[in-house]
Amino acid sequence: MNSDKVFYITTPIYYVNDIPHIGHAYTTTACDTAARYKRMKGYDVHFLTGTDEHGQKIQTAAEAQGISPQQLVDKIHLNFKNLWEVLNISNDDFIRTTEPRHIKAVQEIFKKLIEQGDIYKGTYSGYYCVPCETYVPENAMGPNKTCPDCGRPLTVMEEESYFFKASKYVPELIKFYEEHVRAVMPKIRYNEIMSFLKGGVKDQSVSRTSLKWGIPVPGDEKHVIYVWFDALINYMTAAGYIDNPEKFSHLWHHVRHMVGKDIIRFHCVIWPLMLIALGINLPVEVIAHGWWTYNGEKMSKSKGNVVDPFKIVKEYGLDPFRYFMLREVPFGNDGDFSELALVGRINSDLANDLGNLLNRTLQMIKSYREGVVPSCAESESELRSMAENVLERVDEAMNNFAFDEALKSIWEFIGRANKFIDETTPWKLAKDETQAEKLNFVLLNLYEALRFSALLIAPTMPDTAKKILAQLGLDENEKLLYENFKWGEGAGKIINKAEVLFPRIDINEWKKSQEEKKKMEETKTEAPALEHEAEISIDDFKTVEMRVAKIINVEEIPRSKKLYKLEVDLGYEKRTVCSGIKAFFTPEDLTGKNIILVTNLKPVKLCGVESNGMILCASVKKDGVSEQLTLLTPEKDIPLGSRVS
């Protein structure tokens with residue numbers, strides 16, 4: 001293998017507490033397309049993706065569910081694996097930051113930087129955003145000391161911390177970027193990073209004592225390694241930094257990271273400074289893409305306009321979705337997702353242009369040459385010349401990660417092939433026996449144009465490419481290489497039945513169905529507005545003591561229409577509790593039930609009876625009055641007195 005023909009590309013590792021959305025799909029599909037393209041160019045490709053599984057949000061979410069953080073991430077990382085399967089992602093490795101291979105690599109690197117004096121212990125004080133798990137400099141804060149990214153209030157924190165001497169290596173990094181202007185792409189991001197570096201970079205806090213769910217600092221396990229320091233190292237772990245030096249040496253000189261523009265400073269400032277300190281070469285390129293909006297609006301869960309890739313693929317098909325994402329937006333720019341625009345692409349680019357070219361060509365070969373691709377003495381044509389030019393343009397665009405430009409060039413070629421049909425009028429040639437050789441020439445060139453088009457679209461639309469090759473009578477599972485394509489070799493092939501690649505969507509019917517969906521949403525019975533209490537911390541929540549108890553006796557309270565007097569058994573003691581559930585349950589309904597009891601409420605007298613606790617129930621209310629009530633009960637038998645958390 002030519003050492004120059006190596007291509008190691010990575011997505012960011014995705015935080016498992018997020019729900020997979022179009023942003024994740026976009027980055028990963030772009031990497032997948034680049035990886036598939038390089039494989040077809042004969043490169044040795046290693047394509048990495050994975051999940052980031054440490055941090056405060058995971059710890060908090062796990063505690064709320066009463067399970068360990070490891071149990072939580074073992075379950076929810078599958079959301080991403082499942083999406084990659086749906087999107088036909090061809091990754092070679094999937095790394096999780098909770099894997100032993102990664103923990104080992106992170107601790108070895110941390111230890112090495114301590115030993116050479118590039119990590120030292122100190123005290124860190126600053127404004128911290130818990131949801132984003134990052135300290136925010138005062139000059140970057142939002143209004144009223146809020147996080148500039150998520151808008152939530154910041155917390156003042158001070159803790160002992162290990163620091164990485166980032167400032168020490170800034171001049172060397174500036175020099176590197178001055179000599180390698182493609183190291184950060186696109187140009188606007190390069191300028192942003194250079195400006196940031198020249199403004200000065202402080203030493204970075206790289207450990208925490210307030211967090212338990214993370215990789216322990218070797219030799220000082222009260223500290224946990226900062227989640228971003230840990231996460232960035234995944235790229236080295238997967239390349240074999242610790243366990244396979246030969247693999248690492250083979251891949252690392254050819255590494256490229258693709259990321260969203262929101263995390264570019266981590267990847268183009270902190271990460272390369274870490275690599276310089278370790279004496280390791282920097283990434284060849286870091287490619288930053290933009291964000292997606294929906295119909296011109298910022299996506300948010302509260303607005304209900306977050307694009308669900310699973311849903312879009314199910315409704316419109318996988319390859320149209322992949323094509324739309326990469327064709328619609330110049331890579332690096334922000335993009336807007338619109339179902340109407342997606343339908344437009346399906347009808348025009350996919351059905352009218354590509355689908356129509358395939359259908360017309362195969363029908364003519366079947367009708368005029370009994371389904372056998374004809375040969376001819378001369379296959380030189382404008383289409384053949386254009387194919388060579390298109391391949392060069394596509395290669396240049398793909399090397400610049402300009403997926404939209406590559407697809408534009410491909411569709412210019414497809415458009416030219418359609419025009420070639422109209423210009424040569426094969427249906428007229430077929431009526432004149434003296435034009436048989438010319439008809440052979442036309443049909444062979446159209447067949448070759450389709451074979452070449454399948455090759456060109458394969459990185460972006462792999463399933464569609466296979467379908468085209470199958471209809472052309474070729475082995476759709478054959479390894480595709482651009483260098484193996486020779487114009488004219490299709491002569492003699494027997495085509496298969498032409499099938500519609502992309503059924504046209506009736507735009508009027510589609511708009512009507514969208515209106516009906518909208519009306520259905522508007523006429524749905526609106527759920528009552530939910531009243532929410534003020535946010536509390538996990539420490540506040542821990543002060544509420546809840547335990548499993550059994551109702552062993554139920555009595556009516558003569559002076560009350562709502563209250564029952566209940567005797568409950570906690571296993572270690574019995575208590576009296578008053579509960580306003582008389583309208584919903586008979587004494588027989590309640591006796592013997594295991595329930596959840598809040599046990600550390602201050603006792604209170606109700607209708608002359610001292611109540612020592614509160615039973616937990618869920619209710620449905622209308623106009624403030626409960627219409628439905630159910631007791632919260634343990635799912636399985638569990639000893640009385642067991643703590644609920």
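Here the structure is a predicted model, which means the values were calculated and not measured. Numbers here are sequence positions counted from 1.
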Are side-chain N/O atoms of Tyr235 and His267 paired as donor and acceptor at under 3.5 Å? yes

N/O donor-acceptor pairs under 3.5 Å from side chains in residues 334-346, not counting sequence neighbours:
residue : atom : partner : partner atom : Å
Asp334  : OD1  : Lys261  : NZ           : 3.0
Asp334  : OD1  : Trp291  : N            : 2.8
Asp334  : OD2  : Lys261  : NZ           : 3.1
Asp336  : OD1  : Thr293  : OG1          : 2.6
Asp336  : OD1  : Asn295  : N            : 3.1
Asp336  : OD1  : Gly296  : N            : 2.5
Asp336  : OD2  : Gly296  : N            : 3.3
Ser338  : OG   : Leu340  : N            : 3.3
Ser338  : OG   : Ala341  : N            : 3.1
Glu339  : OE1  : Tyr316  : OH           : 2.6
Arg345  : NE   : Glu328  : OE1          : 2.9
Arg345  : NH1  : Asp349  : OD2          : 3.0
Arg345  : NH2  : Glu328  : OE1          : 3.3

Can you name the residues that form a salt bridge (Lys or Arg N to Asp or Glu O under 4.0 Å) with Glu179, not counting sequence neighbours? Lys175

I'd like to know if Asp243 and Lys104 make a salt bridge, using a cut-off of under 4.0 Å between side-chain N and carboxylate O. yes

Got a sec, which residues hit side-chain contact (heavy atoms from CB on, under 4.5 Å) with Asp432, two or more places apart in sequence or on another chain? Thr434, Gln435

For Lys466, side-chain hydrogen bond (donor to acceptor under 3.5 Å, both in side chains) partners two or more places apart: none

With no hydrogens and no angle check, do the side chains of Arg39 and Ser90 hold a donor and an acceptor under 3.5 Å apart? yes

Taking the inter-plane angle between the rings of Phe403 and Phe401 on a 0 to 90° scale, is it parallel (under 30°), tilted (30 to 60°) or perpendicular (over 60°)? perpendicular

Run the salt bridge (Lys or Arg N to Asp or Glu O under 4.0 Å) test against Glu476 and tell me which residues pass, sequence neighbours left out. none

Candidate pair Lys467 and Asp463, rule salt bridge (charged side-chain N to carboxylate O under 4.0 Å, His left out), full reasoning: CA-CA 6 Å; Lys467 288 177 183 176; Asp463 286 347; over 6 Å; no

Roughly how far apart are Asn389 CG and Glu412 CD, rounded to 0.5 Å? 9.0 Å

Looking at Tyr294, is its backbone amide N or carbonyl O close enough to the side chain of Glu297 to form a donor-acceptor pair, meaning the two atoms are under 3.5 Å apart? no

So does Ile507 have more than 12 non-hydrogen atoms from other groups sitting under 6.0 Å from CD1? yes

Of all residues at least two apart in sequence or in a different chain, which pass the salt bridge (Lys or Arg N to Asp or Glu O under 4.0 Å) check with Lys75? none

Contact check, side chains of Thr51 and Val73, non-hydrogen atoms, under 4.5 Å: no

Are Glu53 and Thr97 linked by a side-chain donor-acceptor pair shorter than 3.5 Å? no

Pairs where residues 460-480 contributes a residue and the test ring pair (Phe, Tyr, Trp, His ring centres under 6.0 Å) is met, not counting sequence neighbours: none

Between Asp44 and Phe7 (side chain of the first, backbone of the second, donor and acceptor by atom type, cut-off under 3.5 Å), is there such a pair? no

Under a 3.5 Å threshold, yes or no: a donor from one side chain and an acceptor from the other, between Asp74 and Gln70? yes

I'd like to check the side-chain contact (heavy atoms from CB on, under 4.5 Å) partners of Pro272; sequence neighbours left out, ordered by chain and number. Leu173, Tyr177, Leu282

Are the side chain of Asn91 and the backbone N or O of Leu48 linked by a donor-acceptor pair below 3.5 Å? no

Is it the case that over 12 heavy atoms from other parts of the model lie below 6.0 angstrom from the CD atom of Glu378? yes

Counting only N and O atoms by type, is there a donor-acceptor contact under 3.5 Å from the side chain of Ser409 to the main-chain atoms of Glu405? yes

Would you give the length of the straight line joining atom CG of Leu357 to atom CG of Asn418, rounded to the nearest 0.5 angstrom? 4.5 Å

Main chain of Phe310, side chain of Asp308: is a donor-acceptor contact present, judged purely on distance under 3.5 Å? yes

Is there a donor-acceptor pair closer than 3.5 Å between any side-chain N or O of Asn496 and the backbone N or O of Ala470? yes

Using only heavy-atom distances, determine whether the side chains of Asn352 and Arg504 contain a donor-acceptor pair under 3.5 Å. yes

Report the residues that fulfil side-chain contact (heavy atoms from CB on, under 4.5 Å) with Arg416, sequence neighbours left out, ordered by chain and then residue number. Glu382, Leu383, Met386, Lys419, Phe420, Glu423

Report the C-alpha separation of Val286 and Trp271 in whole Å, then their side-chain angles, then the decisive distance to 0.1 Å, and conclude whether the side-chain contact (heavy atoms from CB on, under 4.5 Å) test is met. CA-CA 11 Å; Val286 177; Trp271 178 228; 5.9 Å; no

Sequence neighbours excluded, the answer for side-chain contact (heavy atoms from CB on, under 4.5 Å) partners of Leu391 is Phe452, Leu456, Tyr482

Show every donor-acceptor pair shorter than 3.5 Å between a side-chain atom in residues 438-449 and any protein atom, with sequence neighbours excluded, or say none if there are none.
residue : atom : partner : partner atom : Å
Asn440  : OD1  : Arg369  : NE           : 2.7
Asn440  : OD1  : Arg369  : NH2          : 3.1
Asn445  : OD1  : Ser381  : OG           : 2.6
Asn445  : OD1  : Trp487  : NE1          : 3.1
Asn445  : ND2  : Phe441  : O            : 2.8
Tyr447  : OH   : Leu472  : O            : 2.6
Glu448  : OE1  : Arg451  : NE           : 3.0
Glu448  : OE1  : Gly490  : N            : 3.4
Glu448  : OE2  : Arg451  : NH2          : 2.7
Glu448  : OE2  : Gly488  : N            : 2.4
Glu448  : OE2  : Glu489  : N            : 3.2

Can you check whether Val45's main-chain N or O pairs, donor with acceptor, with Lys5's side chain at less than 3.5 Å? no

Do the side chain of His21 and the main chain of Gly23 share a donor and acceptor less than 3.5 angstrom apart? yes

Side-chain donor/acceptor of Asp319 to backbone N/O of Thr464, under 3.5 Å: yes

Between Tyr43 and His254, is there a side-chain heavy-atom distance shorter than 4.5 Å? no

Flag if over 12 foreign heavy atoms under 6.0 Å of NZ, Lys512: no

Is it the case that the side chains of Thr27 and His289 hold a donor-acceptor pair, with the cut-off being a distance below 3.5 Å and no angle test? yes

Rounded to the nearest 0.5 Å, what separation is found between the CD1 atom of Ile457 and the OG1 atom of Thr33? 11.5 Å

Parallel, tilted or perpendicular, judged at 30° and 60°: which one describes the rings of Phe331 and Tyr26? tilted

Ignoring hydrogens and geometry, is there a side-chain-to-backbone donor-acceptor pair from His250 to Glu246 under 3.5 Å? no

Hits for salt bridge (Lys or Arg N to Asp or Glu O under 4.0 Å) against Lys41, two or more places apart or cross-chain, chain-then-number order -> Asp395

Taking everything shown except Glu315 itself, do over 12 heavy atoms lie less than 6.0 Å from its CD? yes

Say whether His46 and Asp92, considering side chains only, have a donor N or O and an acceptor N or O under 3.5 Å apart. no

Testing the 3.5 Å rule here: is there a donor-acceptor pair between the side chains of Thr28 and Tyr14? yes

Using 0.5 Å steps for rounding, measure from the CD1 atom of Ile193 to the CD1 atom of Ile188. 11.5 Å

Flag the pair Asp32 and Lys38 as a salt bridge only when some basic side-chain nitrogen lies within less than 4.0 angstrom of an acidic carboxylate oxygen. no

